[in-house]
Amino acid sequence: MKGRFITIEGIEGVGKSTNVAFIEAQCKAAGHSVLVTREPGGTPLAERIRDLILTTPGEGLSDMGELLLMFAARAEHLASLIRPALARGETVICDRFTDATFAYQGGGRGLDTGLINKLQVIVQGDLRPDLTLLLDAPLEVSVQRIASRGDEVDRFEQEQADFFGRVRSAYLKIAAQAPERVRVVDASQPLVEVQARIAEHLSDI
Ligand code: Z5A
């Protein structure tokens with residue numbers, strides 16, 4: 001694997017999509033060839049799995065089914081897009097990856113993180129991101145930003161505040177356990193401040 005693998009994480013509405021575009025511009029300005037992608041999704045088949053995950057009504061998909069679909073989509077994404085791009089030496093920027101599984105299916109849904117870890121090894125081998133930017137903000141900030149967008153809500157966005165509280169705590173725990181890889185950025189700050197912090201972390205790798 002010659003390329004760099006950068007992921008961006010955080011609860012909904014903290015600014016992941018906004019900042020993916022910034023990271024892409026920074027990497028291109030530094031002369032990198034860049035692939036931008038997202039999870040769940042990124043390939044035609046994985047995007048179909050994403051639709052199933054996000055649009056199946058609550059009771060129609062079990063927590064275990066949701067977990068396995070996340071990894072099924074990830075296996076396709078890795079095989080068809082991410083691994084080939086890294087092998088070509090490209091910088092891959094992915095909007096969410098396996099930390100989201102630990103945070104949402106582990107923290108949010110309460111599934112066994114030991115099982116998630118086993119699936120991670122089966123699907124990814126030893127592939128891990130080189131850098132993960134965790135955009136962190138209080139739930140009120142995320143809720144306000146989502147509301148200002150006025151989009152339709154998906155399966156996750158229908159969850160209650162305590163669910164997102166558990167997701168946020170799980171993300172912060174991951175960052176505390178892997179501080180070199182996972183850099184926490186205060187996403188409640190004005191965008192210009194958030195992007196200044198992101199640029200500093202990018203320059204480290
Ligand atoms: N999921 C999972 O459960 N397990 C997994 O393994 C994976 C995913 C991979 C799909 O997520 C769902 O899949 C996700 C978890 C689950 N569900 N949830 N929740 P997604 O990534 O497609 O959707 P999302 O997390 O809901 O992302 P989002 O709604 O697109 O939000 P965002 O990308 O973080 O935010 P944004 O669109 O860039 O910004 C929101 C608004 O805030 C926008 O108007 C911006 O202009 C504004 N903004 C951004 N930054 C700022 C600052 N700093 N100041 C002021 N305003 C700002």
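All heavy atoms count here, side chains included; hydrogens, waters and symmetry mates do not. When a ligand or atom number is given, it counts from 1 through the structure's own listing order.
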* Which atoms of ligand 1 sit under 4.0 Å from any heavy atom of Q189? -> 52 (C), 53 (N), 54 (N)

* Below 4.0 angstrom from a heavy atom of T101, which ligand 1 atoms are there? Numbered from 1 as shown, please. => 5 (C), 6 (O)

* To do: Measure the shortest side-chain to side-chain distance between Q120 and I116 over non-hydrogen atoms and say whether it is less than 4.5 angstrom.
  => no

* Measure the shortest side-chain to side-chain distance between S80 and L45 over non-hydrogen atoms and say whether it is less than 4.5 angstrom. => no

* Describe, in one word, how the ring planes of F156 and Y104 are oriented to each other, choosing from parallel (under 30°), tilted (30 to 60°) and perpendicular (over 60°). => perpendicular

* Going by heavy atoms, is E66 under 4.0 Å from ligand 1? -> no

* Give the residue, atom name and distance (to 0.1 Å) of the protein heavy atom nearest atom 32 (P) of ligand 1. => K16 N, 3.4 Å

* So, do V14 and V141 sit near enough that their side-chain heavy atoms are less than 4.5 Å apart? -> no

* Can L191 be reached from L135 by stepping across I, L, V, M, F, W or Y side chains whose heavy atoms are under 4.5 Å apart? -> no

* Heteroatom proximity flag, N19 to ligand 1, N/O under 3.5 Å -> no

* Using modelled atom types only, decide if a donor and an acceptor are shared between the side chain of D130 and the backbone of F5 within a distance under 3.5 Å. => yes

* **Winner among F163, F71, Y104 once heavy atoms are compared against atom 15 (C) of ligand 1** => Y104

* Say whether G13, considering both its backbone and side-chain N or O atoms, lies within less than 3.5 Å of an N or O atom on ligand 1. => yes

* Heavy-atom distance under 4.5 Å between the side chains of C94 and H77, does that happen here? -> yes

* Take every heavy atom of P40, measure it against each atom of ligand 1, and state whether any distance is under 4.0 Å. => yes

* To do: Compare G108, C94, S142, G15 and give the one whose heavy atom is closest to atom 35 (O) of ligand 1.
  => G15

* Asked: Got an N/O contact under 3.5 Å between V14 and ligand 1?
  -> yes

* **ligand 1 atoms in contact with S17 (distance to a heavy atom under 4.0 Å)** => 30 (O), 32 (P), 33 (O), 38 (O)

* Is ligand 1 less than 4.0 angstrom away from at least one heavy atom of R74? -> yes

* Structure fact -> When distances are taken from atom 37 (O) of ligand 1, the protein heavy atom at minimum range is R149 NH1, 2.7 Å

* **Nitrogen or oxygen atoms of Q105 and ligand 1 under 3.5 Å apart** => yes

* Is any side-chain N of the basic residue among E12 and R96 closer than 4.0 Å to the acidic one's carboxylate O? -> no

* Closest non-hydrogen protein atom to atom 1 (N) of ligand 1, residue and atom name please, with distance? -> M70 CE, 3.5 Å

* Under 4.0 Å to a heavy atom of T18 - the qualifying atoms of ligand 1, by number -> 36 (P), 38 (O), 39 (O), 45 (C), 49 (C)

* **Those atoms of ligand 1 less than 4.0 Å from some heavy atom in E39** => 9 (C)

* To do: Output the list of atoms in ligand 1 that are nearer than 4.0 Å to some heavy atom of A100, sorted by atom number.
  => 4 (N), 5 (C), 6 (O), 7 (C), 9 (C)

* **For atom 18 (N) of ligand 1, the protein heavy atom that lies nearest, with its residue and separation** => F156 CB, 3.5 Å

* Give a yes or no on whether E193 atom CD has more than 12 heavy-atom contacts from other residues, nucleotides or ligands under 6.0 Å away. => yes

* To do: Please state whether I146 comes within less than 4.0 angstrom of ligand 1, counting heavy atoms only.
  => yes

* Asked: In terms of heavy-atom contacts, does CG of D204 have more than 12 from other residues, nucleotides or ligands at under 6.0 Å?
  -> yes

* Identify, for atom 11 (O) of ligand 1, the protein heavy atom at the shortest distance, and state residue, atom and that distance. => R96 NE, 3.2 Å

* Test item: I174 and L134 side chains (from C-beta on) under 4.5 Å apart, heavy atoms -> no

* To do: Just go through E9, R145, R50 and tell me whose heavy atom is the nearest to atom 56 (N) of ligand 1.
  => R145

* **Single-linkage hydrophobic cluster M70~F163, side-chain heavy atoms < 4.5 angstrom** => yes

* Given side chains that start at C-beta, do those of R74 and F97 come closer than 4.5 Å, heavy atoms only? -> yes

